[in-house]
Amino acid sequence: MNKAFTTKASEPMVNGFDHARLRELPPRTRAQVETRDRLLGPGYRLFYENPVEIVRGEGTLLFDADGNDYLDVYNNVASVGHCHPYVVDAVHRQLSTLNTNTRYLQQSILSYSEQFLATMPAEIGHVMFTCTGSEANDLAMRVARYFTGNQGIIVTSGAYHGLTSDVAAFSPSLGVGVPLGAHVRTISAPDRLRHGGNDNLVAHMRREIREAIADLERHGFGVAAFIADMIFSSDGIYADPAGFLQPVIEEVHNAGGLFIADEVQPGFGRTGEYWWGFQRHNLVPDIMTTGKPMGNGTPVAAAAFRPELLAEFGRNIRYFNTFGGNSVSIAAAQAVLDVINTEELIANAATVGDYIKAEISTLAASYEQIAEVRGAGLFVGVDIVTDRQSNTPDGDAALRVVNHMRRRRVLISASGPRGSVLKVRPPLPFSISDADRMLENLEVVLTKELH
């Protein structure tokens, strides 16, 4: 039942630098890579065949040491744009005034929490702060296990939820080097293209979730939670049909488990129309987690809960995180919230995202190797295959596109179990003119690589 990646053939294609090509790099780049390896060790990864040295960012642009600009079509961490002056000023002012922890009374964290929770359904009433999305998911799972008394976790087969040891154990996208826990079961990604359309997708997911629940119960784990990234970004980016998760959540609740919505990648308006990805599916999670885009690059993350989940947990287990919810991080988070509202970035994500999807779909009609263009708002996936008859994922072709785009100074990446889905996820202020620059270069690269 456990569908973890277990063979070398299952390893995804990776958008990363291959050290076997070190001698091919320009002298300065080669020296930096060698120094990086010596100081940081082998655990880190660099993007692209030819790594990019970035020295400055502004809005939707990054700049290298020679002053060349790169269009950032990948970075949701700087969600309101690189070095947004309002966020920079808020952080600077707070850092010049006070930076301390949540064991002191501070009005700023109360004001922010009230506004943050107001973006969610009324059923979600408490928020706890961490530094990273990994920590937020770790905390969410601790609460889920405590509340349900169960240990079992269900995720999708290509999911990524973080890097702590507990969370990595239910992040199958990390590959064979990070085995899943015995208490973890996977279900297929919600891929309607390969499951035969919307109706078959829903039936398939209901059947698989029932099998996963039965297997966990048979092995004595029970079900603590089903956790899902609300745009399934590591699985290959799946957003439609809206509502396809409802039967899955019903089955999980019937088994006594909780539903955790991981909004680290799709949250804060990225999918357009709504603040959170789960709202597109007309769902109310038991727990919601977020992180990356929350502070525009300042480390801050959170888990939000239905209050009843924390009643006994809070009485018996004291939670404290030295840097979680610190004064400076909260100032950054507040500034991001303000910018999203004042600059109407959720509406922008919907408008520009629809434009990008429509234009890439028009391009796709000319290429037999593009099976589908999908997504929501400023989170778009382009499914690259060997041909439309077989719909076999082609990670090699996708990575060639990614690296040719980098050569043209447009930064994208790829996702999915074989790295075959182009990942378009720019900062929220991404404009129509930014989109046109990306599209013009994409057309040239597709012609070169897919014809």
Side-chain angles (χ1 to χ4, degrees), residues 76-77 79-80 112-130 132-133 136-137 139-140 143-144 155-156 159-162 190 225-235 237-246 248-249 252 258-296 300-307 309 333-334 336-341 343-351 353-354 374-380 425-428:
N76 76 321
V77 177
S79 56
V80 299
Y112 176 77
S113 298
E114 192 161 43
Q115 293 172 56
F116 175 72
L117 290 169
T119 66
M120 301 172 212
E123 292 90 335
I124 302 178
H126 290 330
V127 56
M128 299 172 77
F129 293 96
T130 66
T132 67
N137 283 332
L139 174 61
V143 172
V155 295
T156 48
Y160 171 74
H161 295 292
F226 168 68
I227 179 170
D229 168 351
M230 289 292 96
I231 195 126
F232 300 90
S233 47
S234 295
D235 285 287
I237 307 171
Y238 299 99
D240 296 310
F244 68 78
L245 276 175
Q246 290 180 354
V248 173
I249 308 310
V252 170
L258 303 182
F259 165 45
I260 302 173
D262 184 336
E263 296 281 354
V264 171
Q265 295 203 53
F268 286 96
R270 173 154 297 280
T271 58
E273 190 177 359
Y274 301 106
W275 277 94
W276 309 105
F278 67 78
Q279 291 169 316
R280 293 187 66 254
H281 295 280
N282 196 28
L283 296 168
V284 179
D286 300 295
I287 305 173
M288 188 213 76
T289 59
T290 191
K292 285 182 176 68
M294 192 172 181
N296 214 51
V300 58
F305 304 83
R306 292 178 183 260
L309 302 184
Q334 181 67 64
V336 168
L337 211 63
D338 293 345
V339 170
I340 291 173
N341 281 318
E343 297 186 9
E344 299 180 339
L345 294 183
I346 296 177
N348 186 70
T351 299
D354 285 348
R374 53 182 179 257
L378 284 174
F379 212 135
V380 177
R425 188 192 58 180
L428 296 179

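In this structure, CD1 in Ile260 is found 7.0 Å from CG in Asn137, a value given to the nearest 0.5 Å. With rounding to the nearest 0.5 angstrom, the CD1 atom of Ile237 is 9.5 Å from the CG atom of Asp229. We find the CZ-CD1 distance between Arg306 and Ile124 to be 7.0 Å, quoted to the nearest 0.5 Å. Rounding to the nearest 0.5 Å places CH2 of Trp275 at 12.0 Å from CD of Glu263. Trp276 CH2 to Leu283 CG: the interatomic distance, rounded to the nearest 0.5 Å, is 15.0 Å. Atoms CG and CG, from Asn296 and Leu337 in turn, are 12.0 Å apart once rounded to the nearest 0.5 Å.
The two residues Asn348 and Leu428 come nearest to each other via the heavy atoms ND2-O, 2.7 Å. In terms of heavy-atom proximity, Ala136 sits nearest to Thr130 at N-OG1, 3.6 Å. Here the closest non-hydrogen pair linking Ile231 and Ala376 is CD1-N, 4.1 Å. Contact detail for Leu117 and Gly125: the closest heavy-atom pair is CD1-O, 3.4 Å. Heavy atoms only, all atoms of each residue included: Phe305 and Ala140 are closest at CE2-CA, 4.3 Å. For the residue pair Val264 and Asn76, the shortest heavy atom distance occurs at O-ND2, 3.7 Å.
Side-chain N or O atoms of Arg374 include none that pairs as donor or acceptor with a backbone N or O of Ala239 at under 3.5 Å. Listed for the Asp286 side chain is no donor-acceptor partner under 3.5 Å among the backbone atoms of Leu258. Put simply, the side chain of Arg270 gets close to the backbone of Leu378: a donor and an acceptor are under 3.5 Å apart. In this structure a side-chain-to-backbone donor-acceptor pair under 3.5 Å is present from Gln246 to His281. Between the side chain of Thr119 and the backbone N or O of Phe116, at least one donor-acceptor pair lies under 3.5 Å.
The closest side-chain heavy-atom distance from Met294 to Phe268 is below 4.5 Å. For the pair Gln265/Ser234, a side-chain contact is recorded, criterion being any heavy-atom separation below 4.5 Å from C-beta on. Val80 places none of its side-chain heavy atoms less than 4.5 Å from the side chain of Glu343. Side-chain contact between Ile346 and Ile340 is present, with heavy atoms from C-beta onward closer than 4.5 Å. When side chains are defined from C-beta on, Ser113 does not count as touching Met128, because their heavy atoms never get closer than 4.5 Å. His126 has its side chain out of reach of Leu309: every pair of non-hydrogen atoms, C-beta onward, lies at least 4.5 Å apart. Considering only heavy atoms from C-beta on, Val336 stays 4.5 Å or farther from Pro293 through its side chain.
Counting heavy-atom neighbours within 6.0 Å of Glu123 CD, excluding the residue itself, gives a total above 12.
Classified by interplanar angle (parallel below 30°, tilted 30° to 60°, perpendicular above 60°), the ring pair Tyr112/Phe129 is tilted.
Under the rule for a salt bridge (charged side-chain N to carboxylate O under 4.0 Å, His left out), Asp338 has no partner lying at least two apart in sequence or in another chain. For Ala228, the side chain to side chain contact (heavy atoms under 4.5 Å, CB included) partners are Phe226, Met230, Phe232, not counting sequence neighbours.
Between the side chains of Glu273 and Gln279, no donor N or O sits under 3.5 Å from an acceptor N or O.
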